[in-house]
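Here is how names work: the chains are called A, B, and so on, in the same order as the sequence lines, proteins then strands, and each is numbered from 1.
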Number of protein chains: 2
Amino acid sequence: MTIHDVARHAGVGSMTVSRVIRGAGNVSAGMREKVEASVRVLNYQVNVAARATRSRSSAARVGILYSNPSASYLSEIMVGGLEQSSRLASHLMLERCEGLAGQKQAVKRLLAAGVDGVILPPPLCDSRQTINMLRAEGVTVLALATARPMIDVSSVRIDDFEGALAMTRHLIALGHRDIAFIKGDPQHTPTELRYEGFLAGMSEAGLTVRPDWVAQGLFTYRSGLAAAEKLFEARLRPSAIFASNDDMAAAALAVAHGRQIAVPRDLTICGFDDTAVATTVWPEVTTIHQPIAEMGRAAVRLIVDEIRARKTGGDPAPVHHLLPFTLMERDSSGPAPP
Amino acid sequence: MTIHDVARHAGVGSMTVSRVIRGAGNVSAGMREKVEASVRVLNYQVNVAARATRSRSSAARVGILYSNPSASYLSEIMVGGLEQSSRLASHLMLERCEGLAGQKQAVKRLLAAGVDGVILPPPLCDSRQTINMLRAEGVTVLALATARPMIDVSSVRIDDFEGALAMTRHLIALGHRDIAFIKGDPQHTPTELRYEGFLAGMSEAGLTVRPDWVAQGLFTYRSGLAAAEKLFEARLRPSAIFASNDDMAAAALAVAHGRQIAVPRDLTICGFDDTAVATTVWPEVTTIHQPIAEMGRAAVRLIVDEIRARKTGGDPAPVHHLLPFTLMERDSSGPAPP
DNA sequence: CTGAAAGCGCTTACAG
DNA sequence: CTGAAAGCGCTTACAG
């Protein structure tokens, strides 16, 4: 089943079929319809390999460079990324690195494989050093799920501030007024924004934030254990704990369980990110869902566009794409006790 | 940089270069060396797209059909699978499904995309129904990380019995004699094998298994909570708990934490699989690591071989590939208390 | 707006 | 064992 079979079936030239399937312009409506009908009838599918040989510019090679911490995102990124990549006839590569030395090696491997662009999930998305290393080799870079996009680097993300604000409003709507917060690692970009979103939500409801109800965490489970213990040692016990990621929310859940505090009857706990652990623990954690698959799709689309523009001599401006998040209401949250 | 550049550099014909890079026979040692040297000097890389156009048989399309529970494996599978896939110039697709209806739709989408073969991670790898559905459409199937391979379906896996045996021996070597076990979901294939491996390890050391130290779980965190609570209510407390997966080990850890039992000082806890949760919780869980990336690589290689054999009119026998596991000693295990 | 020709980089026959 | 020719299925110029 080739382009020529479709052309014969539709009674047009092969070039017209090529134009239609590529979505190129310069095709009359009548021709387009005939071709599209034939494509449907014959169940034609482009041969991406053949396409790639001829149109060098289409065969963009895109790498995803990740380090351990973001592994939980990875499969979801791949779901969207692979789909988009096969649609664009681009090639997707996965490369893992750890530490700075490992990073340099990984960049070398990617270059040897001929990458044109690299997508960086967290936390590498916020490493100026990594970005510069890649750019020095002429590689196009895109930051995925970063909280603070750099003005000169294309990004795909959700709004962390708005996410935290939405969660805080949700808790307040459930009747909670005594809300504690577990902050994330000060080194990571989402930390500040999520905390500010929380403060904004409290403030707009006229609620105060007690200093002993704010605990410092590091986004790890272990830090969540310590933070939760600290919160429970406060003079008054909050009716809800908003942890700024799911790992720490899961830890808070474990601590509550150990203290025989029933969740959500006596205490509401919620997180952020909707990673695997949120649905692993029990009760499952109410959290802010990042549309990671969608973000992977968008990332591949944007970076391939940018690569193509660059190959044809252009100097495309960075694109910043903001996607909507979703508040996932699960069993770890409930109305405030009377 | 093409095959012709290499040929010119080496002073041979392009066909000779093609033979060398493909690893085909019929090349004299002298020629081979000259070509290999030039490849190295010029840093030549095959253009997989071009290769794929000519050798039709290479352009195998492989789908990975997964359902939610195995999502934690997915990124690791992709790491190995993508690498192998790009080496073989095959195409990898990802498709998710939930429930039986979703499964039928997913199979339809995969067929529409023209898959030749489908890799099934757990738990779909053990669904005769799914396998038959795919086979009815002429699709080659491979079961990944199944515990009980079906005689007529190719598989890539580790030995669950040996894994559980190794962990049990490890605990015994640490001085533990009072070892409790949390079983998995009776519906899943690894459950029985892991339990048998545990029994074999205990038996060969002349240790008895107390009935009240064996708890039934379902592989979920929640079931692990209940199972651990039950174990702690036994008349005597074990010095080690071997949970048959990491989710349940994490739950046991949470229960121990709640009861102020120090891990690993007063209690050793270990799991199986080495999924993300094993390194999320604290202390990190000692567990049996499945080499998932390697398994992804092997799965793609085997299924592409099988697809090619079938395309050329052959009727290849199913292949069963067993990979070695690794015991990951982390902080949740330690010597038995005196 | 449409199509016949040339060529992408490789491999499959075919001939020596 | 070695290589010149033809062709994979598509797209990029080029001509109408």
Write down the distance between [atom1] ([X]) and [atom2] ([N]), rounded to a whole number of angstrom.
| X | N | atom1 | atom2 | result |
| --- | --- | --- | --- | --- |
| Ile3(A) | dC10(D) | CD1 | C1' | 6 Å |
| Met15(B) | dG16(C) | CE | C1' | 14 Å |
| Arg8(A) | dC10(D) | CZ | C1' | 15 Å |
| Asn26(A) | dT2(C) | CG | P | 9 Å |
| His4(A) | dA5(C) | NE2 | C1' | 12 Å |
| Ile21(B) | dT11(C) | CD1 | P | 5 Å |
| Leu42(A) | dG9(D) | CG | C1' | 16 Å |
| Arg22(B) | dT2(D) | CZ | C1' | 13 Å |

Which of the following nucleotides, dC10(C), dG9(D), dT2(D), is nearest to the side chain of Ser28(B)?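 Of the candidates, dT2(D) comes closest.
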Is [X] near enough to [N] that one of its side-chain N or O atoms lies under 4.0 angstrom from OP1 or OP2?
| X | N | result |
| --- | --- | --- |
| Tyr44(B) | dG9(C) | no |
| Ser18(B) | dT11(C) | yes |
| Thr16(B) | dG3(D) | yes |

What pair of heavy atoms forms the shortest contact from Ser38(B) to His9(B), and how long is it?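 Heavy atoms of Ser38(B) and His9(B) come nearest at OG-CD2, 2.8 Å.
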Quick one: does any side-chain atom of [X] pair with a main-chain N or O of [Y] as donor and acceptor, under 3.5 Å?
| X | Y | answer |
| --- | --- | --- |
| Asp274(B) | Gln290(B) | no |
| Thr140(B) | Gly117(B) | no |
| Asp5(A) | Thr2(A) | yes |
| Arg22(A) | Ser18(A) | yes |

Could you tell me which nucleotide pairs with dA13(D) by Watson-Crick or G-U wobble geometry, both distances under 3.5 Å, or answer none if nothing does?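 Because no pair has both required distances under 3.5 Å, dA13(D) counts as unpaired.
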Tell which nucleotide pairs with dA4(C), taking only Watson-Crick or G-U wobble pairs whose two distances are both under 3.5 angstrom.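 Paired with no nucleotide.
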